[in-house]
Amino acid sequence: MRQGSESQSIKSCSMAYPTNVTIQPHTTFHPNSTLPDSTLHPNFTLHPNSTVQPRVVESIYTYPELVFCAVGLSILIVGTFFGNSLVLVAVARTRKLRNVTNVFVVNLSVSHVLLSFAVLWSVPAMVSETPGYPLQSDVPCVAAAVLMFIAWGTCVFTLANIALNRCILITRPKETYQWLYTPRKIALMVLGSWLVPLCTTVVPPLSGVGDLGFDPESRTCSHIVTHPEDVTYDNIQFALYYPLPAAVVLVSYVLIWKHVKKHFRKYQQHMCERLQSSTVVQTAPSSISMLGIDDSTSRRTRNQQASLRRTGSFRQLTSSKHDQLAITKNLFVVVLAFVVCFSPLAIMAVTKSQRYQLYGALILFLSGCINPLIYAAKHPLFAPVLRAMIRCRCSNDQHAQT
């Protein structure tokens, strides 16, 4: 009788605990509780006297949504990796692209290449129907999450460095620019753009604030939203990633806009004065020539000015200023594209809406894919090189400059 009661007890216990449930590691629960369909984690333990209820974590996205986002990410990963690799190769083989500003452009491309590699590890989890991370070990997912946040933070700080560089180059004297952008200081700027995201990403989880790895709600390698301190971790990242770079970008381009507007007004005023002076010379009374005074002096002055305009130095100076302004406009488009792509995810973060954050991340990742297209479209230095590389041909001049 006793053996029969024990077998009946074991049978009822097996009915109360189905084998297809998802339970977090080391979870304890009451024996009379019922659990929904999922998969049992191998490290859970049963304590008959415990009253703790199990916590089942399921994805907030449907499987078709996950497959759609996985396909979209795969396409963007290929585009981002290929496009930014072209930028790196273009700088490596073309000497005229090796300037101070392009140090930050290269840093931005490197961060996007690493970001695409990090996001790649989330694709298998999104298309897999098995619970948990589909690989045997979670270590690649944890490493991918760390690399993703570091690379993303580097992108943000590098955009701020680019904006500051263009601002000082255009609005400040040449001596100030040369004093600030020495090789050692440039190296410190690049190093800082990696160290700040590294500390922001790694230090809080090591201190028990937040965690990185496989997130069961989004089925991606990211921060784990079910962690008790995940909100604090998000706030730390937001505070250290965005306010300072955003302020630098905004102030820099406002100062550039004011400087260019002021310069354009002076140019218009100068052209009006020249037009008025030429009109006065042309309408001068003929009585001056009757007094024996010819216009040889004014003619000589005009000829000297025309000769000066024809010199190579004047054309080179004008072309250089025009190129710098065009480069600044092109890089501003890069920053603007980032802001546009980041806006949906920022709105979701402010409104605490997690349901569509995966779509927001998909749009945000698009910014790294379109940057090489922006360079190839309008950048005065990158455009001819990138177009030639896309067509699989390089000019003899480019080979000579390597």
Side-chain angles (χ1 to χ4, degrees), residues 17-25 27 29 33-44 53-81 115-149 151-152 210-228 230-231 233-234 341-349 351-369:
Y17 302 103
T19 57
N20 52 345
V21 291
T22 299
I23 302 176
Q24 295 300 311
T27 301
F29 52 87
S33 60
T34 57
L35 304 176
D37 248 3
S38 193
T39 299
L40 185 64
H41 195 281
N43 295 329
F44 82 97
Q53 296 295 326
R55 183 178 183 182
V56 179
V57 181
E58 298 179 353
S59 176
I60 59 177
Y61 300 95
T62 63
Y63 185 70
E65 287 181 305
L66 291 172
V67 171
F68 172 80
C69 292
V71 172
L73 279 177
S74 300
I75 296 174
L76 294 179
I77 287 170
V78 174
T80 300
F81 184 84
L115 182 62
S116 64
F117 179 75
V119 175
L120 177 65
W121 293 91
S122 296
V123 175
M126 297 170 68
V127 298
S128 175
E129 295 186 88
T130 59
Y133 193 65
L135 301 184
Q136 293 182 352
S137 174
D138 290 344
V139 174
C141 190
V142 175
V146 173
L147 180 60
M148 181 183 69
F149 282 109
W152 181 246
D211 198 7
L212 296 172
F214 176 71
D215 177 39
E217 288 194 356
S218 62
R219 295 196 62 81
T220 58
C221 299
S222 181
H223 59 89
I224 302 176
V225 297
T226 56
H227 193 279
D230 182 67
V231 176
Y233 186 38
D234 279 348
C341 294
F342 179 68
S343 296
L345 190 62
I347 295 174
M348 296 176 196
T351 58
K352 306 297 182 181
S353 174
Q354 296 183 356
R355 178 60 181 85
Y356 299 100
Q357 284 193 2
L358 194 56
Y359 295 99
L362 189 65
I363 297 173
L364 178 59
F365 194 59
L366 179 65
S367 63
C369 186

Would you compute the distance between atom CG of Asp230 and atom CG of Asp211 and round it to the nearest 0.5 angstrom? 9.0 Å

State, to 0.1 Å, how close Ser122 and Cys221 come at their nearest heavy-atom pair, and which atoms those are. OG-N, 2.9 Å

Do Ile77 and Phe365 make a side-chain contact, defined as non-hydrogen atoms from C-beta onward lying under 4.5 Å apart? yes

Nearest non-hydrogen partners of Ser128 and Thr130, listed with the distance: OG-OG1, 2.7 Å

Please list all pairs meeting side chain to side chain donor-acceptor pair (under 3.5 Å) that have one or both residues in residues 356-367, counting only residues at least two apart or in different chains. Glu65-Tyr359

Answer whether the closest heavy-atom distance between the side chains of Leu76 and Leu366 falls below 4.5 Å. yes

Ala361 to Leu345 - nearest heavy-atom pair and separation: N-CD1, 4.1 Å

Distance (rounded to the nearest 0.5 Å) between His227 NE2 and Leu212 CG: 10.0 Å

Over all atoms of both residues, closest heavy-atom pair of Cys69 and Leu362: O-CD1, 4.0 Å

Within the supplied structure, the quantity of interest is the number of heavy atoms (other residues, nucleotides, ligands) at a distance under 6.0 Å from Phe117 CZ; does it exceed 12? no

Taking the side chain as C-beta and beyond, is there a heavy-atom pair between Phe149 and His223 under 4.5 Å? yes

Can you give me the closest heavy-atom contact between Gly213 and Val142, atom names plus distance? CA-CG2, 3.9 Å

Can you find a pair of side-chain heavy atoms, one from Trp121 and one from Leu147, that are under 4.5 Å apart? no

Between Ala125 and Phe214 the two heavy atoms that sit nearest each other are CB-CE1, 3.6 Å

By ring pair (Phe, Tyr, Trp, His ring centres under 6.0 Å), which residues pair with Phe81, not counting sequence neighbours? none

Is any side-chain heavy atom of Tyr63 closer than 4.5 Å to a side-chain heavy atom of Glu129? yes

Any donor-acceptor N/O pair, Ser59 side chain to Glu217 backbone, under 3.5 Å: yes

Any heavy-atom pair between the side chains of Tyr133 and Arg219 that's under 4.5 Å? no

Are any of the side-chain heavy atoms of Met148 and Leu115 separated by less than 4.5 Å? yes

Quick one about Thr220 and Ser222 (side-chain donor to acceptor, distance below 3.5 Å, no hydrogens or angles considered), yes or no? no

Taking the side chain as C-beta and beyond, is there a heavy-atom pair between Ile60 and Leu358 under 4.5 Å? no

